[in-house]
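So that we are looking at the same thing, I have put the structure below in structure tokens.
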Amino acid sequence: MGEMVQNKQILLKEYISTGYPKESDMVTQVSKMSLNVPHGSHGIVVKNLYLSIDPFIRYRMSKSDRGYIDSYTPGQPIEVYGVAKVLDSGTPKFKKDDLVWGFTGMEEYSFITDADSLFKIEHTDVPLSYYTGLLGMPGMTAYAGFYEVAAPKKGEFVFVSSAFGAIGQLVGQFAKLLGCYVVGSAGSKEKVDLLKNKFGFDEAFNYKEEEDLTAALKRYFPDGIDVCFENVGGKMLDAVLVNMRPHGRIAACGMISQYNLEKPEGIHNLLDVITKRLRFEGFVVFDYYHLYPKFLELVLPYIKEGKIKYMEDTAEGLESAPAAVLGLFSGRNVGKQVVVVARE
Ligand code: NAP
């Protein structure tokens, strides 16, 4: 059995149907765990350092067979992306003390059977927590959705919804680096100011203060939108459709305004897809992970040269994770939501 430790874990209590998640949907337990990989297993045992709190967690708390990813199993630790240190390995891919990022558990230590899905962290001259966001799944999502799906060109007009989220802040900066005009929407004055003053967006607006989203977009895009990076869906998407230019592209990344609704809102302006010859393409980051080395090649120099900025919202301790999950849906997080479980 080898060395045993106490392992604090956060589990899904039971499936939730509709509505916002509550802290009481997640329960904490302490169980015993071996720090050694069982004989014959190709998995790895890790110590979790940083956990990424992402909107898909809500999605997986409901029982669904329509998703692109499995629902959680009640009574099991909640699966999240994270950065972890390898303590024992049953695969030649990783050795003790390697740092990795990928799917792990909302717990102090995890035994990961599917070690092949993890990425080894090769560049440690940036903060390790960046691999939960900027250099991890959200960063790859921004890269794939913007460059591969939206196929942007210099000088185009780009709109990013939920622009201060982990993904949105990066998409806007990619668009500026390419020479586009970029506008973002976010849910507070603080976020709007940061988008304009820290992240270099040309304009930003608080969607919560706009009575008419179609008019708001018209104000910022009198000549229309070429590329929309869509994170929100619902009323925002309806307003976007009206404001798109002919041959525009909508990269459908997420629909966070819909995840807690009993019934998804209808979209009324789909005719614009036809009349304007729009390309409206959904994508899932899993299909683009083969581009991760190319993504790093682009982004690491930008980070080191200070050409890409990044903001995290850090919650201390595993026990802060349930509240952090809820916070995503009220916009409490100012930047990428990270939970620090341990600092090595
Ligand atoms: P994030 O950093 O966690 O940001 C979540 C933000 O969404 C909140 O801070 C809040 O900011 C905003 N929000 C919450 N409820 C909202 C509502 N009802 N209407 C408008 N905005 C709302 O999110 P992220 O990681 O950047 O993810 C962005 C989107 O991408 C999500 O929809 C997510 O599901 C999706 N996603 C897709 C993929 C993929 O492969 N396609 C991968 C990862 C994530 P405000 O203060 O601005 O309201």
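One-based numbering, in listed order, for ligands and for the atoms of each.
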* Quick one: do Lys304 and Asp125 satisfy salt bridge (charged side-chain N to carboxylate O under 4.0 Å, His left out)? Show the steps, please. => CA-CA 9 Å; Lys304 288 172 193 162; Asp125 50 351; 3.0 Å; yes
* Asked: When clusters are formed by joining ILVMFWY residues with side-chain heavy atoms under 4.5 Å apart, either directly or through shared neighbours, do Leu296 and Val83 land in the same one?
  ->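 Yes, Leu296 and Val83 fall within the same hydrophobic cluster.
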* ligand 1 contact by Tyr259, heavy-atom criterion under 4.0 angstrom -> yes
* Is it true that Phe283 lies under 4.0 Å from ligand 1, counting heavy atoms only? ->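 Yes, that is the case, since the closest heavy atom of the residue is under 4.0 Å from the ligand.
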* **Short side-chain donor-acceptor distance under 3.5 Å, Arg60 and Ser64** => no
* Asked: Once the angle between the rings of Phe295 and Tyr292 is folded into 0 to 90°, is it parallel (under 30°), tilted (30 to 60°) or perpendicular (over 60°)?
  -> tilted
* 4.0 Å heavy-atom contact, Tyr207 with ligand 1 -> yes
* To do: Specify side chain, backbone, both or neither for Met236, according to which of its non-hydrogen atoms lie closer than 4.0 Å to ligand 1.
  => neither
* To do: Using a strict 4.0 Å cut-off to heavy atoms of Gly331, name the atoms of ligand 1 that fall inside it.
  => 8 (C), 9 (O), 10 (C), 11 (O), 46 (O)
* Asked: Relative to atom 1 (P) of ligand 1, which among Gly234, Gly254, Ala166, Gly282 owns the nearest non-hydrogen atom?
  -> Ala166
* To do: Would you check the N or O atoms of Thr141, main chain and side chain alike, for any that come under 3.5 Å of an N or O of ligand 1?
  =>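 Min N/O separation from ligand 1 is not below 3.5 Å for Thr141.
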* Asked: Is there any N or O on Asn231 that sits under 3.5 Å from an N or O of ligand 1?
  -> yes
* To do: Please answer: with hydrophobic residues joined when any side-chain heavy atoms are less than 4.5 Å apart, are Met33 and Ile10 in the same cluster?
  =>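 Different clusters.
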* ligand 1 and Ala186, any nitrogen or oxygen pair closer than 3.5 angstrom? ->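 No; the residue has no nitrogen or oxygen that sits under 3.5 Å from a nitrogen or oxygen of the ligand.
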* To do: Kindly identify the option in Gly233, Ser257, Gly133 whose heavy atom sits closest to atom 17 (C) of ligand 1.
  => Ser257
* Between Tyr68 and Phe286, how do the two ring planes meet: parallel, tilted or perpendicular, split at 30° and 60°? -> tilted
* Hey, are the side chains of Asn36 and Val45 touching, using non-hydrogen atoms and a 4.5 Å cut-off? ->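 With C-beta onward as the side chain, the pair stays apart.
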* Heteroatom proximity flag, Gly187 to ligand 1, N/O under 3.5 Å ->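 There is such a contact, yes.
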* Asked: Which residue and non-hydrogen atom of the protein lie closest to atom 9 (O) of ligand 1, and at what distance in Å?
  ->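 The closest heavy atom on the protein side is Asn333 OD1, 2.6 Å.
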* Is it true that Tyr181 and Phe221 have ring centroids separated by less than 6.0 Å? ->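 Yes, close enough.
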* To do: Answer with yes or no after comparing the ring centroid distance for Tyr147 and Phe174 against a 6.0 Å cut-off, counting only values under it.
  =>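 When the ring centroids of Tyr147 and Phe174 are compared, they turn out to be within the sub-6.0 Å range.
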* To do: Write out the residue and atom name of the closest protein heavy atom to atom 11 (O) of ligand 1, then the distance separating them to 0.1 Å.
  => Lys191 NZ, 3.4 Å
* Can the ring centroids of Tyr288 and Tyr143 be said to lie less than 6.0 angstrom from one another? -> no
* Structure fact -> Heavy-atom nearest pair, Leu51 first then Glu107, reads CD1-N, 4.4 Å
* Mutual orientation of the aromatic rings belonging to Tyr81 and Trp101 [parallel < 30°, tilted 30-60°, perpendicular > 60°] -> tilted
* With a 4.0 Å cut-off on heavy atoms, does Met137 reach ligand 1? -> yes
* Among all protein heavy atoms, pick the one closest to atom 15 (N) of ligand 1 and tell me residue, atom and distance. =>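 The closest one turns out to be Phe329 O, 3.8 Å.
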* Side-chain H-bond candidate by donor/acceptor type, Ser188 with Lys208, under 3.5 Å ->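 Judged by distance alone, the side chains do not pair up.
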* Using distance alone, with no hydrogens and no angle criterion, decide if Thr28 and Glu319 have a side-chain donor and acceptor under 3.5 Å apart. => no
* Asked: Among protein heavy atoms, which lies nearest atom 13 (N) of ligand 1, and at what distance?
  ->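 That would be Ile256 CG2, 3.7 Å.
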* Counting both backbone and side chain atoms, is some N or O of Val285 under 3.5 Å from an N or O of ligand 1? ->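 By distance alone, the answer is yes.
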* Structure fact -> atom 23 (O) of ligand 1 sits nearest the protein heavy atom Pro55 CG, 3.6 Å
* Asked: Can you tell me which residue and heavy atom of the protein come closest to atom 3 (O) of ligand 1, and the distance to 0.1 Å?
  ->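 Answer, as residue, atom name and distance: Leu328 CD2, 3.2 Å.
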* N/O to N/O below 3.5 Å, does that happen between Gly335 and ligand 1? ->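 Checking ligand 1 against Gly335, no N or O pair falls under 3.5 Å apart.
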* **Residue portion contacting ligand 1 (non-hydrogen atoms closer than 4.0 Å) for Lys336** =>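 Neither part.
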* Asked: Among Ala142, Cys253, Gly327, Ala324, whose heavy atom sits nearest atom 30 (O) of ligand 1?
  -> Cys253
* In sequence, state the C-alpha distance, the side-chain angles, and the governing distance for Tyr131 and Phe119, and then conclude on ring pair (Phe, Tyr, Trp, His ring centres under 6.0 Å). => CA-CA 10 Å; Tyr131 289 89; Phe119 294 85; 9.7 Å; no
* Asked: Nearest to atom 26 (O) of ligand 1, what protein heavy atom do you find, and at what distance?
  ->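 Among all protein heavy atoms, the one nearest atom 26 (O) of ligand 1 is Ile167 N, 2.9 Å.
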* State the atoms of ligand 1, each with its element, that fall below the 4.0 Å cut-off from a heavy-atom position in Met255. =>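 Those of ligand 1 that fall under 4.0 Å from Met255 are 32 (O).
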* To do: Just jot down the ligand 1 atoms closer than 4.0 angstrom to any heavy atom of Val232, in number order.
  =>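 Listed by number with element: 19 (N), 20 (C), 21 (N).
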* Asked: Near Ser162, which atoms of ligand 1 are under 4.0 Å from a heavy atom of that residue?
  ->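 This gives 6 (C), 7 (O), 12 (C) as the contact atoms.
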